[in-house]
Amino acid sequence: MFYSQIFDQMPNSLNLADPAHQELIKALNVGYARQDQTGAPAFLFQDLRNALISTTFNAKDVPFWQDISKGTTDAFVHQYTTVDSVGPNVYNSGWFVAGDLPQSTDPDINRRFSNVYFQGRVKQWQHPLQFTSNQPGPGGVGSEAEDKQVWSGTLEILRSMEQSLLYAKNANYKPDGATDGIAPDGMEVQICGAADATFIAGGENIIDLRGGYLTDEHLNKASEIIFDNHGTAEKLYLAGKTLRDLSNYLNAARKVELTAGVIQDGRLMHGVPVKGFNSNFGSIDYRPGKLTTNSRRLAPTAAIGSNPPAAPTAGTTPSSVGAPGAGQVSKFTASESGNVKYKITAFNPSGESAPLTSGTVATTSTNIVTLQVTHGGGKWSTANKTGITGYRLYRTGFGATGDYGFIAEFPYVDLTDDPLVDMNLWLPLTDRAFMCDMDNASSIDLRLLAPLKRLNLPITGTVFQFLLFLYSTGPIQLAPKKHVEIVNIGAYNAN
């Protein structure tokens, strides 16, 4: 009440008829009602930066978020510079004749921008919970229901950010009438290109294992690619199963010697945990996490989420097999072809539909598969919460049996027959990994407009609710050639 007391005792200190002075009074009296105040009080935000830091430190499944450098930005559109090449190739000697000028050369430096995107959660709890004896939460979280909701909301945001920084695709989250999506382009889109164009063209920063298991030879190759582009490989972000398979392979190949057992804290411990790899071009730390959004993800059996779209329906020609068109390539081969089945879902930022199941499709070598679907729910917007922004495609293995594994996403085009094309680029039930140079000064960065903050929302009956939000760019690749994605990683063994 300090500021209110001052103004009550000095009524002539400010001109209450001046709108600017009225706003100043509101700001100085946040949270306190005044009889002479009209209109709503100023918003009161709570800075949860410390909660974000402590939760980040304790969350073991968000390694990419933990490692990426986090700077600040003061604009909704953050400008930055990328170095796409450092200058001439080695065949330009630089020697020149006396009295002449050497050849003019320039590095390939480009000015780019990234929008700021909004990540948040609404959390709530019932007022009677404030009077109950609750058990303390995990990780040192207090017994208050409010504390637990802050903790769980922060963890939800971090896990969503982890997946978005790796896999989000801006084109697949565009509201109706918008030119920009509400999510950034993640690492995979930046490496593989829009609509997988770089993958199709055989970009050097993509290592395709075609279902084979990951070995140290692949890690050496990936680190060499980064080295050739004037970087140093530092981190390998991979799924837990991929790390387990890599460890099993190294043990079986006798590249890691198991110990007979050591005494640790009074216990006999057996085994050698594999924490990293000394490549010919630098030491690489393994950073396992839940990289499962686009790895070994199975088709849903029913609609999921708060406002999922309706399921798509088959188009005029549900499926066809033919030669690749312009900008397409077939990776169906004699050994990678046969009968398959597909499941297709519609999705939006709030959920994913029940699947549409295709009939059996006979894939053939050098050809591609085109599936036609349609959707009558309209494009997603704040006014059409059950609209659609894109489709997800799931496929069985060859033989048309087994689980339906995720292979691709496609933006909603709103045609009578939206075409979904399977070129066999992505194999179902395989994993993906990212090897990165994490130098924030020359390689990769992330900018925050607002670190984690809290805003209390109106009380509904006995329900208290608040908004947790974080405003940030996507991952900014300052040197795109210093990152490699390893795709279609298969299992070392069947277990």
Side-chain angles (χ1 to χ4, degrees), residues 61 156 159-160 162-164 166-169 172-173 186 188 196 209-214 237-245 288-314 318-319 331 336 338-361 363 369 371 373 375 388-410 420-434 485-495:
D61 55 347
E156 288 171 17
R159 288 170 174 167
S160 179
E162 181 81 358
Q163 299 295 329
S164 297
L166 296 173
Y167 295 123
K169 188 176 288 188
N172 294 350
Y173 287 93
E188 183 167 271
D196 298 328
L209 302 192
R210 305 308 301 167
Y213 55 84
L214 185 65
Y237 299 94
L238 71 172
K241 185 181 187 311
T242 304
L243 180 56
R244 174 167 65 89
D245 283 348
K290 294 183 68 67
L291 280 69
T292 55
T293 293
N294 287 16
S295 299
R296 301 184 181 275
R297 180 176 182 168
L298 301 181
T301 57
I304 54 177
S306 58
N307 286 295
T313 57
S319 65
K331 291 207 171 187
E336 289 187 23
N339 291 340
V340 297
K341 287 184 178 180
Y342 295 90
K343 285 186 183 289
I344 305 163
T345 62
F347 72 92
N348 62 28
S350 301
E352 185 173 3
S353 75
L356 164 69
T357 304
S358 76
T360 300
V361 179
T363 63
V369 178
L371 304 162
V373 294
H375 199 280
I388 173 178
T389 58
Y391 297 102
R392 290 192 177 115
L393 186 61
Y394 302 82
R395 196 186 82 190
T396 65
F398 300 113
T401 59
D403 293 326
Y404 290 79
F406 174 86
I407 57 174
E409 280 185 358
F410 301 87
L420 313 182
V421 178
D422 179 14
M423 294 177 276
N424 202 35
L425 293 178
W426 306 98
L427 299 178
L429 305 178
T430 58
D431 286 320
R432 309 178 188 184
F434 298 86
E485 184 176 10
I486 306 173
V487 303
N488 294 323
I489 305 171
Y492 172 67
N493 52 42
N495 297 321

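- Among all heavy-atom pairs drawn from T401 and T396, the shortest one is O-CB, 3.7 Å.
- Remark: R297 engages E352 in a salt bridge, criterion side-chain N to carboxylate O under 4.0 Å.
- Between Y404 and Y394, the distance from one ring center to the other does not fall under 6.0 angstrom.
- A donor-acceptor pair under 3.5 Å is absent between the side-chain atoms of D403 and the main chain of G405, judged by distance alone.
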* To do: Start with the C-alpha distance between Y342 and D422, add both sets of side-chain angles, then the distance that settles side chain to side chain contact (heavy atoms under 4.5 Å, CB included), and finish with yes or no.
  => CA-CA 10 Å; Y342 295 90; D422 179 14; 2.6 Å; yes
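- Residues T389 and P349 form a side-chain contact, since some pair of their non-hydrogen atoms from C-beta on lies under 4.5 Å apart.
- In plain terms, the two heavy atoms of P312 and L356 that are nearest each other are O-CB, 3.6 Å.
- T242 contributes atom OG1, which lies 9.5 Å from atom CG of L209 (distance to the nearest 0.5 angstrom).
- To the nearest 0.5 angstrom, Y167 atom OH is 9.5 Å from E162 atom CD.
- For the atom pair T430 OG1 and K241 NZ, the distance stands at 11.0 Å (nearest 0.5 Å).
- Remark: D245 CG to L238 CG distance equals 10.0 Å, nearest 0.5 Å.
- Not a single ring pair (Phe, Tyr, Trp, His ring centres under 6.0 Å) links F398 to another residue, sequence neighbours left out.
- When all heavy atoms of L393 and L371 are compared, the closest pair comes out as CD1-CD1, 3.5 Å.
- The backbone N or O of G338 sits less than 3.5 Å from a side-chain atom of T363, completing a donor-acceptor pair.
- Side-chain atoms of E409 and F347, non-hydrogen and from C-beta on, do get closer than 4.5 Å to each other.
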* Asked: Does the pair N424 and R395 meet the rule for a side chain to side chain donor-acceptor pair (under 3.5 Å), with working shown?
  -> CA-CA 10 Å; N424 202 35; R395 196 186 82 190; 3.1 Å; yes
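- Counting all heavy atoms, side chain and backbone alike, L243 lies closest to P288 at CD2-CG, 3.8 Å.
- At a threshold of 4.5 Å between non-hydrogen side-chain atoms, the residues R244 and Y492 do not count as touching.
- In this structure, G351 and P309 approach most closely via the heavy-atom pair O-CD, 3.8 Å.
- Considering NZ of K331 and CG of N488, their distance stands at 8.0 Å, rounded to 0.5 Å.
- Taking 4.5 Å as the limit, some side-chain heavy atom of D61 sits within range of a side-chain heavy atom of R159.
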* With side chain to side chain contact (heavy atoms under 4.5 Å, CB included) as the test, would you mind laying out the steps for E336 and L427 before giving the verdict? => CA-CA 10 Å; E336 289 187 23; L427 299 178; 3.9 Å; yes
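- A distance of 11.0 Å separates CG of L166 from CZ of R432, quoted to the nearest 0.5 Å.
- Residues forming a side chain to side chain donor-acceptor pair (under 3.5 Å) with K169 (at least two apart in sequence, or on another chain): none.
- A search for side chain to side chain donor-acceptor pair (under 3.5 Å) contacts involving S160 returns Q119, not counting sequence neighbours.
- Across L429 and L298, no two heavy atoms sit closer than the pair CD2-CD2, 3.5 Å.
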